[in-house]
Amino acid sequence: MEHKVLLQLRHECEQHNAQLVAVSKTKPVDAVRDLYELGQRDFGENYVQELVDKATQLPVDIRWHFIGHLQRNKVKHIAPFVSLIHAVDSESLLEEINKQAQRNHKTIDVLLQVYVAAEETKFGLHPDELLTLASIICANPNRFPGVRICGVMGMASFTEDEEQVRREMKTIRGTLDDLRAQCPEWAGHCVICSMGMSGDYRVALEEGSTLLRVGSMLFGKRE
Ligand SMILES: *Cc1c(COP(=O)(O)O)cnc(C)c1O
């Protein structure tokens, strides 16, 4: 079997040294398995129960990315399975992830979510808030030993205005660069800029994304 879109996305990611996460939310296990058989190993989910269901049915070498808004009381469910939690936006959530990481005898990699979009409903931290939170963690390395901050995640506005998307993406990427400059101790692992979806992935790659989260382009429209 051949999947032209997957090949094309992989090719573009390679040219930009970016990683491709296939966002499989709401799609059946078989759809994930099809891409798995073509070599895809990174999959993204938004809902806790769905991630747990899929992770327990599919091969263990899949790297599961939790990309949705995560409630503190749900961290325990995904902790055994998750490889990267993308949308961390508070100290209390970090605290809970740290606790569940230690219970599972692992380190959990996370990204801090930057808020840039014009829409009011999106979660995340303004760049200044994000850097303030990071500086506190960086100054207290023993505070969250079970958590490793690996970079930032962001979502640009859902708009046709490409210049606006580009500006917002520059802010997301700039926040990663500021974070690295501010916490040089993290330089080895704090390298991920998770931005770009089906509608804006090309702009994202041009603006320094290192990880695309692509759903509908790979799996077709969601219900
Ligand atoms: C659903 C989702 C995606 C994928 O969106 P597509 O437009 O289907 O590519 C990416 N990131 C997040 C956070 C999502 O919720």
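Remember, it's 1-based here, ligands and their atoms both numbered in the order they're listed. Because only heavy atoms are used, hydrogens play no part in the values below, and waters and symmetry mates are left out as well, while side chains stay in.
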Heavy atom of R222, distance to ligand 1 below 4.0 Å: yes
Enumerated ligand 1 atoms positioned under 4.0 Å from heavy atoms of K25: 1 (C), 2 (C), 3 (C), 14 (C), 15 (O)
Audit row: D89, F123, side chain to side chain contact (heavy atoms under 4.5 Å, CB included) steps and yes/no: CA-CA 7 Å; D89 62 359; F123 296 100; 3.6 Å; yes
Within 45° cone of F43 ring axis and under 6.0 Å: R63 NZ or CZ: no
Distance from atom 9 (O) of ligand 1 to nearest protein heavy atom, with residue and atom: S198 OG, 2.5 Å
Residue-ligand contact M217/ligand 1, heavy atom below 4.0 Å: no
Stepwise side chain to side chain contact (heavy atoms under 4.5 Å, CB included) test for V152 and Q113: CA-CA 6 Å; V152 304; Q113 183 174 5; over 6 Å; no
Proximal candidate to atom 13 (C) of ligand 1 [heavy atom criterion; set I67, V214, T26]: I67
Nearest neighbour in protein (non-hydrogen) for atom 5 (O) of ligand 1: M197 CE, 3.5 Å
Which of the ligand 1 atoms, numbered from 1, are nearer than 4.0 Å to a heavy atom of R213: 4 (C), 9 (O), 10 (C), 11 (N), 12 (C), 13 (C)
Contact (N/O only, under 3.5 Å) between V23 and ligand 1: no
N-O pairing of E207 and R166 below 4.0 Å: yes
Salt-bridge criterion met for K76 and E96 (N-O under 4.0 Å): no
Worked verdict on H86 versus L211 for side chain to side chain contact (heavy atoms under 4.5 Å, CB included): CA-CA 11 Å; H86 286 233; L211 184 158; 3.7 Å; yes
